[in-house]
Asker: 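One structure, pasted below without further comment.
All values below were derived from every heavy atom in this structure, side-chain atoms included, with hydrogens, water molecules and symmetry-related copies excluded.
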Amino acid sequence: MTQFQVDMSDESGSTVNQAAAASGVDPNTYVTSLVEEQLPRHLFLTGAQACVDKFGEALAERFGPSSTGHQAA
């Protein structure tokens with residue numbers, strides 16, 4: 001298991017404590033669940049952006065509205 005120590009504002013810490021209490025878990029468990037729920041989405045979006053950065057221009061040229069053979073709907 002990997003552990004991280006996170007510094008945050010008092011306001012954010014208070015919000016985490018309140019949300020954890022409302023969920024019936026301790027703050028560390030609450031934050032862990034947030035990270036584990038959001039990490040796959042973050043990795044997907046990061047990968048998608050890398051794909052757009054690398055291939056976006058070529059895809060726009062091939063499939064964009066000004067490409068040859070493109071017909072308006």
Side-chain angles (χ1 to χ4, degrees):
M1 179 184 296
T2 302
Q3 267 189 315
F4 293 96
Q5 180 177 337
V6 179
D7 293 324
M8 64 180 70
S9 69
D10 290 340
E11 182 180 345
S12 293
S14 178
T15 301
V16 166
N17 284 326
Q18 291 172 6
S23 297
V25 297
D26 71 273
N28 288 322
T29 301
Y30 183 78
V31 171
T32 297
S33 69
L34 290 178
V35 170
E36 289 178 346
E37 288 172 9
Q38 293 300 315
L39 189 57
R41 180 178 187 274
H42 170 75
L43 293 174
F44 170 79
L45 293 175
T46 301
Q49 186 62 57
C51 183
V52 168
D53 292 346
K54 186 170 184 174
F55 301 111
E57 197 171 310
L59 291 169
E61 288 175 14
R62 173 65 177 93
F63 299 107
S66 61
S67 65
T68 45
H70 182 274
Q71 296 179 359

Asker: Would Tyr30 and Val6 show up in the same hydrophobic cluster when neighbours are defined by side-chain heavy atoms closer than 4.5 Å?
Answerer: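 Both belong to a single hydrophobic cluster.
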Asker: Out of curiosity, Leu34 CG to Glu37 CD, how far, rounded to the nearest 0.5 Å?
Answerer: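 Spacing of CG (Leu34) from CD (Glu37) equals 6.0 Å.
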Asker: Nearest 0.5 Å please: distance from the OG1 atom of Thr46 over to the CZ atom of Arg41.
Answerer: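 It is 10.0 Å, given to the nearest 0.5 Å.
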Asker: Between atom CG of Asp10 and atom OG1 of Thr15, what is the distance when rounded to the nearest 0.5 Å?
Answerer: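 Asp10 atom CG to Thr15 atom OG1 measures 10.5 Å (nearest 0.5 Å).
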Asker: Under 6.0 Å from the CD atom of Glu57, do we count more than 12 heavy atoms belonging to anything else shown?
Answerer: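 Count not over threshold, so no.
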Asker: Does one hydrophobic cluster hold both Phe55 and Phe63, with members joined at side-chain heavy-atom distances below 4.5 Å?
Answerer: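 Yes; tracing contacts between hydrophobic side chains, which count when under 4.5 Å, links both residues.
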